[in-house]
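Working notes, structure below.
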Amino acid sequence: MQAGYKEYKQLNLPSIGQEILNKWQENNAFRKSIELREGEKPFVFYEGPPSANGMPGIHHVISRTLKDLVCRYKTMQGFHVKRKGGWDTHGLPVELGVEKELGIVKDDIGKKISIEEYNRKCREAVMRYKDKWDDLTRKMGYWVDLNDPYITFETKYIETVWWLLKTLYEKDLLYEDVSIQPYSPAAGTGLSSHELNQPGTYKDVKDTSCVAMFHAIRDQESHFLFDAAQSEEVFFMAWTTTPWTLPSNLGLAVGPNIDYVLVKTFNPYTHQPVNVVLAMALIGKYFKKEDENLPFEKYQATGKTLPWKILANFKGSELEQFSYEQLLPFPANKMDNSHSFKVLMGDFVTTEDGTGIVHMAPAFGADDFQIGKKYKIGILTLVDKQGKFVEGLGEFSGRFVKNYMDDPEYVDVNVDICVKLKKENRAFKIEKYEHSYPHCWRTDKPILYYPLDAWFIRTTALKDRMVELNKTVNWKPKSTGEGRFGNWLENMVDWNLSRSRFWGTPLPIWRTEDGKEEICIGSVDELRALSHKADQVLGVSNEKLIGDEPDLHKPYVDEIILVSSEGKPMKRVSDLIDVWFDSGAMPYAQWHFPFENQLTFSKNYPADFIAEGVDQTRGWFYTLHAIGSLVKETVIESLQKAGLPTDQVDGRAFRTVVSNGLVLDKNGNKMSKRLGNVVDPFATIENYGADATRWYLITNVSPWESMKFDIEGIREVQRKFFGTLYNTYQFFALYANVDGFRFQEDYIPVEQRPEIDRWILSTLNSLIVKVQAYFDDYEPTIAGRMIEDFVDEQLSNWYVRLCRRRFWKGDYEKDKICAYQTLYECIEAISMLMAPISPFFSDWLFLNLNEVTGKSSMQSVHHVLFPNPNDSAIDLALEKRMRLAQGVSSMVLSLRKKVNIKVRQPLQKILIPVLNPAMKEQLKEVEGLIKSEVNVKEVQYLTETDGFIKKRIKPNFIALGKKLGSRMKAVSQALAGFSQKDISDFEKEGNYNLSIENEHLILQINEVEITSEDVPGWTVAAKNGLTVALDVQVTRALVNEGYARELVNRIQKIRKDNGYELTDRILVKVTEAATLKEAITDFNDYIRAEILADNIELVPEITNGTEIEVNDIPLKVFVTKKA
RNA sequence: AGAUCCGUAGCUCAGCCUGGUUAGAGCACUACACUGAUAAUGUAGGGGUCAGCAGUUCAAAUCUGCUCGGGUCUACCA
C-alpha cells in the first residue's frame, strides 16, 4: 500500500494507457479476469474473425470497442466471459493480393507457379499484418485471447467444416446443379448471392445500349405482319444494355397479354423504310406524337422528323413461335436447332423499359436460361471464362466483352457491335444508358452471368425455420433484424458454395469418373481409412499424402484417390467452398467440435452476443444463422452422444447481435485510401490515448448509426470529460494527502452525512441504476453520456465546487471525513462505471485510490464486480430540491451579473416567492447551500399575504386538452385575462366558474398552472415557474466584508505564488489605507483564519512588498512564512 | 426502380415512441467575471420558418401523406 495518493502535473492519457498496459501485462490482468470467474455462469461471445492480410483501420476500433465493452461489463457483472480470438485466412482477398504481388493472373496458377507454391504464398500472406493487428488489439485495450485463436486454414478447423458439409450432404441439403450464376471473370470464380450483396458491389455505370432489329421471317403464321406492312422488311425490336450477348441470342420473349403494334417508319440511321414490332405502351420512347401519320414521301434523311404510322395491333400471344433471322451469324454460333430464333412467351416481360420484346441469350441470364430450357432453344456460350469472345466470331473473336484487364487501350466491343448493326440496318437506336450493375466485391470489375456447374446448400428448404428463429434474435438496432435481415431471409436463394479457386477449404466430395458414385468425407479418419483402402484395392499411393498431420488443402487433397464400392477410382471434385462458410462455421470449428472439446462447445453455444459492422448482415451474420439453423438436429445428436445437455441448442447461433454503422470522415464521406481521408488508428491512439478514442466512438452516436469521425471530437472528450474527472481526482488527492485520509476511519452511514453528501450519493446511485439498465440493453452510448453528465455537471460543477471549503478548512473531524468518504466513493464508483468503455483510465483511477486505501482486494478495476445501486441511498425528493437550489443559484448569479456586483461582494438577502408551504420546506432544506454559493446572508420567503407576489395563470394543457377540446383556445384567452384577484379567488375556492361562449365550465385548480412571475419593485429572474429577487443594496458593513474577502483572495494568491504549502502559517504586513482600515479591523479574525496568519500588521510603509489592488484601491502587502 | 433509415443552431447530437404553448445540450464564436480544482469554471449574447408542402387536431419538431435532399440496402430489368 502506498502512503499517499499519486499527484500529477497534468493529464496525459497516452502515458496512462501505456502505464496500465504494462501493469496488465505484468499481472496477466486479462487472464486473471477470466480465471476469477471460473465456474460462474458463462456469457458467450464470438469473435468475428478478421483477415490479417490488410491493415486495420479506425472502423475496426469501433466494432472492437463495442465487443470489448460488452465483454468487460459482463465480466464485471460476474459472468465468465471467454473471448477466443480468430483469424479468417482463406478466400479471394488473400488470393488476389498474392496474384498482384507475384504479378500473375489466375490462369498462371499451375503453370507459371505450382499450386503448392502458390498456396504456400497465400498462407504466408494471410498473416502479413498479424503483428499490426495484435498491436492494435493491445493498444486499444481489446481483451481477446490471441494466444489460442482459431485459424480457418488449420487442419482441425477444416475437419469440422467438412463434418458440417457432410452433415448437410447426408440431409440432402448439399447438391450440385448447373445454373446461371454471377461470375467474376477478373477473379475467375463464381460468386454467391451474399458476395454480390456486399456494400458497393452495385455501381452506376454507363453502358452502350442498343435497340436491335431482328428480321422476321414470313411463314404461315406470320404472314399477316407482312401483309399489313406490304413489305418484306418487318423487324422485331429488342433492347439490350449488353450488346455483347447479341451473338448468343437464341430467342425473343414477349408478354402474352401485352399489346403490340406494327409500325411503319424509317430506320433513323440508314433511312431505309422499315416496319417494326414493339409494345404499344412504349411507342413514345421512340416516336414523337406529332410525327404520327406525317407524309412518308416527305421524309428527309437530315430532317428532325421521323414519320410513323401504326399498321396493326395484336397481343403478344399472337406472335408465339414466329421465326426471325439470326442477328449476327458467325461460324461459331451456327445453330442447327429448329427451336431457335423464335418468339417466345415470357411472363416476366414488362413494358417499363426497352421495347417490350426481350432478347434472350440463355447463357448469360437466369430468366433466359429458364425460358430457353422450356422452349429448347439451346444455348450459346460465346464468351470464355476470362470474359473474352471465343474463336469463330469474326472481328470480335478474342476481344474482352468488358474491360477486365485494366487495359488503357481497351476499345469497347459493345460499341463495335452496335456500329456493325447500324451499318447493316439492324439497329434502331443506340445510346449510352446509365444503370446500376453488379461488380465483383474484390476486383471491382463488372460481373457477368455465366453458366456454371456449382454446389449449392439448400438453404431455401430451411427458410421458415430461419425466419422464425430470427424473430427470437435480439437485434440492435431492431430495424436491421426485421428489415434488412428479415427481408433478406424472405427472399433467400440457395447458397452457392462453389469457388473455382485454389486457397480455400476444399469441398470434400469424391466421385467416380462416370459420376455414378459419390462420397462426402466428414473427417480426417474417414479420409484416411478410405485412402488406405484405395491403396490396397487400386494400388495407388495415398499413404504419403495423408500422414499424421495431413494438409487438407489443394493440391494435396486432389492427389488423393479413393475407391468406390465397385472398385473404381474416385477423384475429388475440383471446387473449393465459399470462404464465408468458414467463418459461419466458427462456433463449431473453433473448438474442433465434435471431434474434441464437446464440453467446452456445449458451454459456448450459442453465442449470447456478437457484434460486427452492418456490412456483415448478409455476410457473417447470415452464414452463422444459416449454418446454425441447418445443423441444429445434428448438433443435438452429437451432444447427446457425449452425454451433454442440449437445452441451449435451439438452432440459433447467436441471441443478441449488434451491428455497428459505417465510420465516415468528418464531412460524411466514406473513408477510402483513394480519397486519402482514412484515419490511422495507431496515430490516434498514440496522440489521444485509447480511452478518449473509445469514449468518443461510443458516446458520440449510437453504434449502429454511421458516425462522422472528427478528431476534434476526441479532443473535446479529452478536455471535457477526462480533464474534469482528472481534476476532481487531483483535487481529492491534494487534500486527502494533506489530511492523511486513507479511508481508515469508520464508515459514516449515509444518513448521518450532510445534505449535500447525501445528495451526491443519491444522484450517484440513481446513475448506477440507469447505467446498468442501459448497458444491459446494449445502449452504451446513453450509459456513457449519463456518466459524462454526472462527472461534469453534478460531481465537479456542483458537489466539488460547493464543498471545496470542507476539504481545506477546519480540523480533520466528522464533516471533513464525510466529505472525503463521499468524494472517494463517487470517484471509485465512476472508475467502475466507466471501466467497460475506457479501460485504461478507469483502472488508473481505481488503482490510484485503491493502492492507498486497500478497500478492494482486486488488482484491477476489471476484476471487481460492477457496482450495484444502494436503493436506500436514493432520495428523489432530495435530488429534486437540489435541482431547485441549482436553479436558484444560477438565477441569482445571473442577477448579480445584470447589476454588476461580483460574487465576492456579500449581499444581504434574496427574496423567493413561494406559492405553497411545501415549496418553502423544500427550499429551506437547501437554503444554506444557496446562501454560500451566491454569497448572500439570508433567504426571505414571500407568501401571498405579503402582497408582493404577482401571479400568472395558464391552463394545464395536458389535463384540460381532453376535457375542453375545441374550447381550449377560448379558455386559454380567458385565463390570460385574469386579474390577481381572480387568481387568488380561484386558489381559495379550488375551482372556478367560467362562462365561455354562453357555456358554463368549472375549472379545477389542478387543471391550471399558477406561477409567480414578478416581485414588483425588484429585479427578478424567473425560470421554470421559479422566481428570485435579489436585494442589491450594499451597506457599509457589506462593503467592508467585501473588502475583507477581496483581501483574503489577494493574499491567497500571494501564498500560492510563493509556493507555500497549504498548511504553512504566515506573517502579514499591510500598508495602511484609510478605506480598508475598518474592514481589516472588523473582519480581522475572519481574514487571519482564511489566510492562516497569526496577525495582520498595519504599517505606514512597505519597501519590498507585493503591490495589490483591492477593489481598485492600491496597497502593498508583505507576506513571509512563519518560521 | 423499389425498400428502409435520416434531415433540429456554424459543427456534433438530445427531444419524436406516448402531441401540450419560450425547442435543448456540448463545441465553436463574442463580451464580462472568477481564480488554493486553473490546459479548469461561471454569466451573458448572437445563432433555428425543427428540409419543404399538405392533412389530422383546440394544439404538430412530435402523428399521416406527398415532395426534395442524403445514406444504406434490395434487384437475373432485358
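The figures that follow rest on heavy atoms only: side chains count, while hydrogens, waters and symmetry mates do not. Order of the sequence lines sets the chain letters (A, B, ...), proteins ahead of strands, with each chain counted from 1. None of the values given here were measured: they were computed from a predicted structure.
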Compare side-chain N and O positions of [X] against OP1 and OP2 of [N] and report whether any pair is under 4.0 Å apart.
{"X": "A:R719", "N": "B:A28", "result": "yes"}
{"X": "A:K708", "N": "B:U12", "result": "yes"}
{"X": "A:K720", "N": "B:U41", "result": "yes"}
{"X": "A:N1049", "N": "B:C34", "result": "no"}

Measure the distance from [atom1] on [X] to [atom2] on [N] and round it to the nearest whole Å.
{"X": "A:N797", "N": "B:G26", "atom1": "CG", "atom2": "C1'", "value": "13 Å"}
{"X": "A:F485", "N": "B:C5", "atom1": "CZ", "atom2": "C1'", "value": "19 Å"}
{"X": "A:E1007", "N": "B:G20", "atom1": "CD", "atom2": "P", "value": "19 Å"}

How far does the [atom1] atom of [N] sit from the matching atom of [M], given to the nearest Å?
{"N": "B:U56", "M": "B:U64", "atom1": "C1'", "result": "7 Å"}
{"N": "B:A14", "M": "B:G7", "atom1": "C1'", "result": "15 Å"}
{"N": "B:C53", "M": "B:G71", "atom1": "P", "result": "24 Å"}
{"N": "B:U74", "M": "B:U22", "atom1": "C1'", "result": "45 Å"}

Among B:A78, B:A40, B:C13, the one nearest A:N727 by side-chain distance: B:A40

From C-beta outward on A:K954, which listed nucleotide comes closest to its side chain: B:U43, B:U22, B:A37? B:U22

5' precedence on RNA chain B between A:L795 and A:E705 (nearest-nucleotide basis): A:E705

Base-paired stems in RNA chain B, each at least three Watson-Crick or G-U pairs under 3.5 Å: B:1-7 with B:68-74, B:10-13 with B:24-27, B:29-33 with B:41-45, B:51-55 with B:63-67

At less than 3.5 Å, do the side-chain atoms of A:T242 and the base atoms of B:A78 form a donor-acceptor pair? no

Decide yes or no for A:F721 and A:I787: does some side-chain heavy atom of the first lie under 4.5 Å from some side-chain heavy atom of the second? yes

